[in-house]
Amino acid sequence: MKELQQIQRLFPSEDGNEDSQRHFLSLIEMLVKNIDSLKNPAQTMLGELKEKSDDYYESIIKNSETPSKGIALEEVVDTLVSLSEGHPYQTRNYVTNAIPMASIPGLLGSLTASLLNSNGLWDVYGPAAAEAEIKVVTMMSKLVGYDEKSSSGYTTWGGQGAVFTSLRLAIAKQFPHAKEEGIPNNLYCFASENAHYSLLKSVEATGIGSSHLITVKANPHNHAMDLQDLHDKMEQVIVQGGIPIYIAATTGATDSFGIDDVKGMKEIADQLTEKYSLNSVYIHADSAMGGMYCVFNEYDFEQNPLSFEEEVKQGLMQIREKMKYLHVADSVCFDFHKLGQTPYISNLIVTKNGEDFKLLDLQECETPYVGNRGYGNYHTSYTLECSRMGSAISIYAALLAFGIEGYQQILANYVRVNHTFRNKLLANFSNVAVTNNHNPGPATAFRFYKGLPKWEEECEGRMSLKEINETNKWNSLIFEQIGAERDKVFFGDTTRHCLVDVVDKEEVSPISVVKFFSISPYTTVETIDTFIHFLHEQIKQVEDNEGVLSGV
Ligand SMILES: *Cc1c(COP(=O)(O)O)cnc(C)c1O
């Protein structure tokens, strides 16, 4: 049975013997050391950026084969390290999007979940995942201002999964028999034009239909939902016989960090449902991006114990003014794999009324293998997933290690860094506008012009479609140039930061912008000059290529 012993060497020991432990730790050490050796803070990649030829993936397909005989673990580690070559890494120069460097507590939690292989489905199989889940749901419930005794929640597959789950709840609350009978064909959902596309996919998948997702206008200055437009569109739907069932409140828009007014939305929804004798409309705060800022709900800005500078304090107070109403929503979510500093996938959905999950639950007889026993009393048969990874353990570790204060420090630093970046950008370029300057937060969206900035005019609908398109094209050229150099400084960009009216047509036009998303703990106010210098060089390059007089 020597062969079987070889196979056993592929597993951790069953008795904790030191020999086996040393072997395992040496492999982990090798992995960490070799990845570390690829690091360079002046770059945004591990090792060299891999340029991919057009047939790159084709050649992978041609050459990929499962080996008939397994290779040595040391060789496996080498291969894993080579996978990481050219991989983006969140150094100080990494400012493309909310993809954090996984923190050490987050990694330790994730490793624990993997070592135990803890399945969140049922506490008999995954007691660690189940217990951590109940703990983190309670912790976050308290932070948003829910009553932790009646709220509930679980970890799911991202902000997208939270939107999907909340939509299922919204349907079940108004139509408890929809599970058996299917849904009526006159249901409607509402979300801002700046909402994440998660809801679009969810209305498709639930069978509501994407033409029943009503897009509500947003204010181009602060990118928050226009409440009058919400009111008018909801009323129009109702008058025509539709039933509004769900509103997504984008609380921290992915690109602009615009924050919808959840309290105002709730008031409008209640007023309309009362007027027309309808059931209450479900509100999900899509706080995947912004939810972590609720750690400031209880911060004493007057005493200011963490000594935040005046402008940082002002920014944080402005964010809190909106975030403090998250608890008005029926559910909220937290993408810990964005501003919560844990590895993928770790998202938590928390609902105000935990009883609601019963509406989605299966009958005991429908889950014959799990749950229905005298032992074990945490069985999440209401989730769309069956087995669930124990990402709550990673979230738990991060919440413990950072504490509220640690999160306050890192989230405030994003505001600080963005404030400084905006000032330096505007001081250094006469041809740029910050298009989310009313939104303090972790992101800055900015747009270059061939001459002086025309953002105010664009915002107010005073530019023609052609003029806006030309500026969009100019920015696209800049995206290409900046993107080609992303191994040095990794900016983001988006072709639809927001929509604006145009003067000459009954149309709206998308706005293209470059995006600076400060996510690395190593991006500080001292590192901002690098970004400005980099932008100078890239813009000059584009202007030279295009024969445009420098606007600097
Ligand atoms: C990122 C994001 C999502 C999607 O979250 P995933 O974790 O990628 O599924 C949904 N809504 C908002 C506002 C987001 O920023």
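Please read these numbers as outputs of a predicted model, since none were measured by experiment. For reference, positions follow the sequence shown, starting with 1. For ligands, and for the atoms within them, numbers begin at 1 and follow the listed sequence.
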Does the pair Arg496/Glu193 count as a salt bridge with the N-to-O cut at 4.0 Å?
no

Have Ser331 and Tyr282 got a donor and an acceptor in their side chains that come within less than 3.5 Å?
yes

Holding to ring pair (Phe, Tyr, Trp, His ring centres under 6.0 Å), I want the full list of residues that pass it with His419, two or more places apart in sequence or in another chain.
none

Protein neighbours of ligand 1 with a heavy atom under 4.0 Å, given by chain and number, are Gly158, Gly159, Gln160, His196, Ser198, Gly252, Thr254, Asp286, Ala288, Met289, Asp335, His337, Lys338

Please determine whether the number of non-hydrogen atoms from other residues, nucleotides or ligands lying under 6.0 Å from atom CD of Gln409 exceeds 12.
yes

Taken in chain and number order and not counting sequence neighbours, the residues that satisfy salt bridge (charged side-chain N to carboxylate O under 4.0 Å, His left out) with Asp330 are none

Enumerate the ring-ring contact (aromatic ring centres under 6.0 Å, His included) contacts for residues 380-401, please, sequence neighbours excluded, ordered by first and then second residue.
Tyr154-Tyr382, Phe357-Tyr382

